[in-house]
Amino acid sequence: MKFNVLTLFPDMFPGTLGGGIVGRALSAGIWDLNVVNIRDFATDARGTVDDEQFGGGAGMVMMAEPIAKAIDSIKEQEPGTRIIYFSPRGRVWTQAMAREFMTNHDHEPRTTILLCGRYEGIDQRVIDEYNIEEISIGDYILSGGEIAAQVFIDSCVRLMDNVAHGGDDTLANESFEIGGLEWPLYTRPSTWRGQSVPEVLLSGHHGNIEVWRKQQSDAITKERRPDLIKRKS
Ligand code: SAH
């Protein structure tokens, strides 16, 4: 699987994607990262990639042509590549969407273009021209799409085979995957600053442990994220 990131800040990559399990998988060649500097596709000698907004208003807009050329440079080699633009106007990214994305990517082409905006965003015509899908990582405004791209890639790559420790078990037991939020976690020592680990977890009784975890997960989800329960039914 290959991610082509189009950005004005190539130095921001691999960034967080260079560490931990996702970084190891990158070094091992389990997934590929191709970072493209949109400025390399500017049409003037000064490398201009943004301009004032038609209709007036504060803030600059990224011009269509440098972005289009950057997209074309990848599409020439990898036709049919899916294109995603990170934007607060997009569909809000969820674990279910990450799963769906990875399932669809079992098919060719296994490459994706991830477009990172800056300033006020990008010229609408490039979105329309390439029929670009918009994805948001939440209801807040970032100063650029680079963090969003890293969130997107991280959440996808950790679902790949041979990336997460413990494989499918680890992945299946995560918040959102279990239909709610995760139960409380504990590790050694069994008593820390006078606080003990719940007795049931030390009992070795797998059936009881499972029941306890389910109860905890349900209670935490009901209290903190009742919307997740409604979404399920
Ligand atoms: N003017 C825009 C915000 C631009 S923020 C608006 O009001 O909707 C600059 C860039 O950061 C965007 O082009 C986008 O690529 C990225 N960005 C900001 N917030 C984001 C979010 N919540 N999810 C994904 N990308 C985001």
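Both ligands and their constituent atoms are indexed starting at 1 by order of listing.
Protein heavy atom in closest approach to atom 24 (C) of ligand 1: S87 N, 3.5 Å. In this structure, the protein non-hydrogen atom closest to atom 5 (S) of ligand 1 is L142 O, 3.2 Å. Distance from atom 8 (O) of ligand 1 to its nearest protein heavy atom, with residue and atom name: P88 CG, 3.5 Å. Here the heavy atom of the protein found nearest to atom 9 (C) of ligand 1 is Y119 O, 3.2 Å. For atom 15 (O) of ligand 1, the nearest protein heavy atom (residue, atom name, distance) is F86 O, 2.5 Å. With respect to atom 12 (C) of ligand 1, the closest heavy atom belonging to the protein is Y85 OH, 3.8 Å. With hydrogens left out, the protein atom closest to atom 7 (O) of ligand 1 is I141 CD1, 4.5 Å, a heavy atom.
Residue L142 places its CG atom among more than 12 non-hydrogen atoms of other residues, nucleotides or ligands, all under 6.0 Å distant. By the 6.0 Å contact criterion, CG on D139 is open, its count of non-hydrogen atoms from other residues, nucleotides or ligands being 12 or less. Other residues, nucleotides and ligands place no more than 12 heavy atoms under 6.0 Å from the CD atom of E199. More than 12 heavy atoms of other residues, nucleotides or ligands sit less than 6.0 Å from atom CD of E100.
Heavy-atom contacts of G145 reach the following atoms of ligand 1: 11 (O), 15 (O), 16 (C) (cutoff under 4.0 Å). Residue G117 has at least one heavy-atom neighbour below 4.0 Å for each of these atoms of ligand 1: 10 (C), 11 (O), 13 (O), 15 (O).
Contacts between A148 and ligand 1, counted as non-hydrogen atom pairs separated by less than 4.0 Å, involve the side chain only. Contacts between I135 and ligand 1 below 4.0 angstrom, taking non-hydrogen atoms only, involve the backbone exclusively.
For E120, a nitrogen or oxygen atom sits less than 3.5 Å from a nitrogen or oxygen atom of ligand 1, counting backbone and side chain alike.
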- Run the numbers on Q95 and E177 for side chain to side chain donor-acceptor pair (under 3.5 Å), then give the verdict. CA-CA 7 Å; Q95 185 68 14; E177 301 281 5; 2.5 Å; yes
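Cluster annotation: V35 is connected to F86 through the hydrophobic network of ILVMFWY side chains, with a link wherever side-chain heavy atoms come within less than 4.5 Å.
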